[in-house]
Asker: 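Quick one: this structure, given as structure tokens, is what I'll be asking you about.
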Amino acid sequence: MEVTQIEKIRHSLSHIMAQAVLRLFPDTKLGIGPAIDNGFYYDFDFGDQDFSEQKLRKIEKEMKKIIKRNLAFTQEMIPREGAIERLKTLKAEYKLELLDGIEDDPLSFFITGDGEFTDLCRGPHVQRTSEIPIDGFRLIKTSGAYWRGDEKNKMLTRIYGYAFETKEELETYIYNMEEAAKRDHRKLGPELGLFMFSEIVGPGLPIFLPQGNILRETIEDYIKEKKKEYGHQFVTTPHMAKSDLYIKSKHWQKYDAMIPPINIDGDEYTLKPMNCPHHFQVYLNEKRSYRDLPLIIAENAVVYRFEKSGELGGLLRVRGLTQDDSHWFIRPDQIGEQVNVALELMSEIYNDFGMTDFRAEISAADRDNMDNYLGDPAMWDEAESKIEGILKTKEIEYKVNPGEAAFYGPKIDLQAKDTLGREWQLMTIQLDFNQPDNFDMTFTNSEGEDEKVVVLHIAILGSFERFMAIMIENYAGAFPLWLAPTQVKILPISGEKHGEYAHEVAQRLKEQGIRVEVGDKNERIQKRIRQAELAKVPYIAVVGDKEAETNTVAVRIHSKQDQGLQTVDEFINNLNEEINSKTYYLND
RNA sequence: GCUGGAUUAGCUCAGUUGGCUAGAGCACUCCCAUGGUAAGGGAGAGGUCUCGGGUUCGAAUCCCGAAUCCAGCUCCA
């Protein structure tokens, strides 16, 4: 693959940073230092040296000195034997360890023009440091990173830098990051009264506030209706079960985020980490015929997972999450057709939420470690090839990730793009050939024989929590009318003089099921408009003498100007139309 | 869980090298003003400076531990 100039710059900068670090901290051992999509990083082992984030500016200065000397980058090929010797003299034990995974002989070294700095590296780099824009990079932050990404290994210190071809690009990037931070759901959620966390309730356990709960219910009602159209049957199952259920499903043995069990009357119980085994009980409740299939059991249920404390974050990662879960019990010959149906349902729903750009990732088994997976390798081959076939015919772009499958089956994750072009993993379709064995789930086929059913685990939104986080960020809290917790704010010029009319109008909107509030607090109208704008209410209706006399409202749309007068009837019709069509007033 | 950072009123933040009754703006309450499309004026109330130890004549400030949050890492919907 062609390496672009900016990638060469970023990669070269990581070496220059390593050189600068060695100047300032001579006893540092080097890990690895690649280019990434906004810059570069390098992993260091500082040992006993006193390093802290305050030193970043100093390192940056040192880097600039090196760049200004306009050194050449030279590449030297050294036979493996000599290379090992060389790494030993450089005391580069991390690099030596890397050689286990590299078969090259000779090995490529990279040396700065003055011979001061040498690093094991394939390149490519820029020819001379003069190609590096001296104002185009900035060291940003440090963090810990496990050596070779394995949490059993030592943790090194990683220094990140942003790097671009010009100072302007760097500044634009930093500006965009700041703008994105403003729509962070962790900031907007509490500001807009959508959700909160309480220290005494516990980390990762969100509380949805009245406004946020309206949003949540709206999403839930919508998704339930859609799913019913597609033949889903909803059930309700308890939040806990005997641990035996999960021993039988083998989650107990394989899943590491189970909440520790509690003992009741001599039996062990646990909070459910997933709904599957419960829904299997529904399946097993009756003898099933091939004519009954597909049978889809659905539930929007809270599951509890003991996520590690450092992995929690806002609503994106919580310990109590509500999956829009469904289990499709199907015949083996229906796999292709039903995965297809699921993808249809998915695109219909995502389209209504303004997400139209998808990419799929297939989590496949690691063929070299089939012991980690339940079931016959032949079944895995078959399932994975079927999934690929469907994605190909649907022309959905996809990527296969070997080794990422759950122990019981391959899966498709759909990455949806939001308005900022960021990708989020939401929907999953998990094929499962193994649980039917664990629970002996069969159907009677047309020959009158028992046959093993196939299960598809499908969640369209993933979890309500994560999906809401993404909706909040996607719309920066200014939701389309159909989702907005408060859809219309009616503001009487004077609460005393026009309050009665304002409430009359509000009553008429309420009768139509429109979520409306009257802002008749004793404040100046300008201030109340400002407050409604900050609350990102889609429609503001101002009413005074003129409006009360003519049975109209003065309409203002969030973040737009005064839209002029509408009769109350027109206003209601327009609102209803916009709600039903799920269009977004900010999309022109 | 790991590495690093943060924690002062409901929110956003000030608080000099440890020193008297800890400050501001917004929000809240009351009073005045009764307003026409993004902040009218005044007064008041509100804080065990996250928690627990320690050092000191004296701690918001220094040290140790914990909790929570943030950035990564690892893991995941």
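This structure is a prediction, so every number in the text was calculated from the model and none was measured. In what follows, every chain begins at residue 1, and chains take the letters A, B, ... in the order their sequences are listed.
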Asker: When the C1' atoms of B:A45 and B:G52 are compared, how many Å lie between them, rounded to an integer?
Answerer: 31 Å
Asker: Could you tell me whether A:Glu523 and A:Arg528 have a side-chain N and a carboxylate O separated by less than 4.0 Å?
Answerer: no
Asker: Need one value for A:Glu533: base, sugar-phosphate or nothing, where a base atom within 4.0 Å counts as base even if backbone is also close, heavy atoms only.
Answerer: base
Asker: C1' atom, B:U7 versus B:C75: distance in rounded Å?
Answerer: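 Per the computed distance, 27 Å lies between those C1' atoms.
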Asker: Should A:Glu97 and A:Arg148 count as an ion pair when the cut-off is N to O under 4.0 Å?
Answerer: yes
Asker: For B:U34 and B:C51, measure between their C1' atoms and round to the nearest Å.
Answerer: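 49 Å, rounded to whole Å.
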Asker: By the 4.0 Å heavy-atom rule, please label A:Phe467 as base, sugar-phosphate, or nothing.
Answerer: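 Answer is nothing: A:Phe467 stays at 4.0 Å or more from every strand.
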Asker: Do A:Asp562 and A:Arg556 meet the salt-bridge criterion of a basic N to acidic O distance under 4.0 Å?
Answerer: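 No salt bridge links A:Arg556 with A:Asp562.
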Asker: Using salt bridge (Lys or Arg N to Asp or Glu O under 4.0 Å) as the criterion, list what pairs up with A:Arg57, not counting sequence neighbours.
Answerer: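 Once residues adjacent in sequence are excluded, the partners of A:Arg57 under the salt bridge (Lys or Arg N to Asp or Glu O under 4.0 Å) criterion are A:Glu60.
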Asker: Do A:Phe25 and A:Phe46 make the cut of ring centroids closer than 6.0 angstrom?
Answerer: yes
Asker: Touch check for A:Gly202, heavy atoms < 4.0 angstrom, all strands: base, sugar-phosphate only, or nothing?
Answerer: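 Touches nothing.
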Asker: Salt bridge (charged side-chain N to carboxylate O under 4.0 Å, His left out) between A:Arg359 and A:Glu361: does it pass, once the steps are laid out?
Answerer: CA-CA 7 Å; A:Arg359 209 169 49 81; A:Glu361 295 210 1; 3.3 Å; yes
Asker: Which class fits the ring pair A:Tyr173 and A:Tyr162: parallel under 30°, tilted 30 to 60°, perpendicular over 60°?
Answerer: perpendicular
Asker: NA contact type, A:Asn522, heavy-atom cut-off 4.0 Å: base, sugar-phosphate, or nothing?
Answerer: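 Counting heavy atoms under 4.0 Å across all strands, the contact made by A:Asn522 includes a base.
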Asker: Between A:Glu570 and A:Thr567 (side chain of the first, backbone of the second, donor and acceptor by atom type, cut-off under 3.5 Å), is there such a pair?
Answerer: yes
Asker: Between B:A14 and B:G65, how far apart are the P atoms? Round to whole Å, please.
Answerer: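 Going atom to atom, P in each nucleotide, I get 26 Å.
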Asker: Under 4.0 Å, counting only non-hydrogen atoms across every strand here, what does A:Arg528 touch: a base, just sugar-phosphate, or nothing?
Answerer: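 No contact.
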Asker: How would you label the contact of A:Lys521 with the nucleic acid (heavy atoms, under 4.0 Å): base, sugar-phosphate, or nothing?
Answerer: sugar-phosphate
Asker: Salt bridge or not for A:Lys489 and A:Glu517, using N-O below 4.0 Å?
Answerer: yes
Asker: With rounding to whole Å, what would you report as the distance between B:A60 and B:C20 at their C1' atoms?
Answerer: 15 Å
Asker: Please classify the nucleic acid contact of A:Ala554 as base, sugar-phosphate, or nothing, using heavy-atom distances under 4.0 Å.
Answerer: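 Base: the residue A:Ala554, judged by heavy atoms under 4.0 Å, touches a nucleobase.
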Asker: Is A:Lys227 salt-bridged to A:Asp324, going by a charged N under 4.0 Å from an acidic O?
Answerer: yes
Asker: Pick the closest RNA chain B nucleotide for A:Gly462 and for A:Ile525 by heavy atoms, then say which residue is nearer the 5' end.
Answerer: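 Between the two, 5'-proximity favours A:Ile525.
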Asker: What integer number of Å spans the C1' atoms of B:G35 and B:G40?
Answerer: 9 Å
Asker: How is A:Ile140 classified with respect to the nucleic acid when contacts are heavy atoms under 4.0 Å: base, sugar-phosphate, or nothing?
Answerer: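 The residue A:Ile140 makes no contact with any strand.
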Asker: Under 4.0 Å between any heavy atoms, over every strand shown, what does A:Gly495 touch: base, sugar-phosphate, or nothing? Just pick one.
Answerer: base
Asker: Scan A:Glu311 against the nucleic acid and name what it touches under 4.0 Å (heavy atoms): base, sugar-phosphate only, or nothing.
Answerer: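 Answer is base: heavy atoms of A:Glu311 come under 4.0 Å of a base.
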Asker: When you match A:Arg148 and A:Ser494 each to their closest nucleotide on RNA chain B, which lands nearer the 5' end?
Answerer: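 First, find each residue's nearest nucleotide; the 5'-ward one identifies A:Ser494.
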Asker: Which part of the nucleic acid does A:Leu491 contact within heavy-atom distance under 4.0 Å: base, sugar-phosphate only, or nothing?
Answerer: nothing
Asker: Under 4.0 Å, heavy atom to any atom of RNA chain B: which of residues 250-258 of chain A qualify?
Answerer: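 Residues of residues 250-258 of chain A under 4.0 Å from RNA chain B: none.
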Asker: Under 4.0 Å from any atom of RNA chain B, heavy atoms only: list the residues of residues 37-46 of chain A that qualify, in numerical order.
Answerer: none
Asker: Need one value for A:Arg158: base, sugar-phosphate or nothing, where a base atom within 4.0 Å counts as base even if backbone is also close, heavy atoms only.
Answerer: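 Result for A:Arg158 = sugar-phosphate.
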Asker: Is any NZ, NE, NH1 or NH2 atom of the basic residue among A:Glu191 and A:Lys536 found under 4.0 Å from an Asp or Glu carboxylate oxygen of the other?
Answerer: no
Asker: For RNA chain B, note the earliest and the latest nucleotide, 5' to 3', having some atom under 4.0 Å of a heavy atom belonging to chain A.
Answerer: B:G1 to B:A77
Asker: Is the distance from the ring center of A:Trp328 to that of A:His232 below 6.0 Å?
Answerer: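 Under 6.0 Å, so yes.
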Asker: Could you label the plane-to-plane angle of the A:His327 and A:His279 rings as parallel, tilted or perpendicular, counting under 30° as parallel and over 60° as perpendicular?
Answerer: perpendicular
Asker: In what stems does RNA chain B take part, counting only runs of at least 3 consecutive Watson-Crick or G-U pairs whose two distances fall under 3.5 Å?
Answerer: B:1-7 with B:67-73, B:10-13 with B:23-26, B:28-32 with B:40-44, B:50-54 with B:62-66
Asker: Can you classify the ring geometry of A:Tyr222 versus A:Phe353 as parallel (below 30°), tilted (30 to 60°) or perpendicular (above 60°)?
Answerer: perpendicular
Asker: Can A:Glu62 and A:Lys58 be counted as an ion pair, charged N to O under 4.0 angstrom?
Answerer: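 Result for this pair is no, no salt bridge flagged.
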Asker: Under 4.0 Å, heavy atoms only, any strand: does A:Glu547 hit a base, just the sugar-phosphate, or nothing?
Answerer: base
Asker: When you measure from every atom of RNA chain B, which of residues 302-310 of chain A have a heavy atom less than 4.0 Å away?
Answerer: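 Those residues are A:Arg305, A:Glu307, A:Lys308, A:Ser309, A:Gly310.
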Asker: Does the ring center of A:Phe44 lie less than 6.0 Å from the ring center of A:Phe51?
Answerer: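 When the ring centroids of A:Phe44 and A:Phe51 are compared, they turn out to be at least 6.0 Å apart.
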Asker: Provide the distance between the two C1' atoms, one in B:G10 and one in B:U29, to the nearest whole Å.
Answerer: 14 Å
Asker: Using the P atom as the point on both nucleotides, what is the distance between B:C31 and B:G15, in whole Å?
Answerer: 37 Å
Asker: So which heavy atom on A:Ile219 is nearest to which on A:Leu461, and how close?
Answerer: CG2-CD1, 3.6 Å
Asker: Working to the nearest 0.5 angstrom, can you tell me the gap between A:Met355 CE and A:Asn474 CG?
Answerer: 5.0 Å
Asker: For A:Lys154, answer base if it contacts any base atom (sugar-phosphate contacts may also be present), sugar-phosphate if it contacts only those atoms, and nothing otherwise; contact means non-hydrogen atoms under 4.0 Å.
Answerer: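 No contact.
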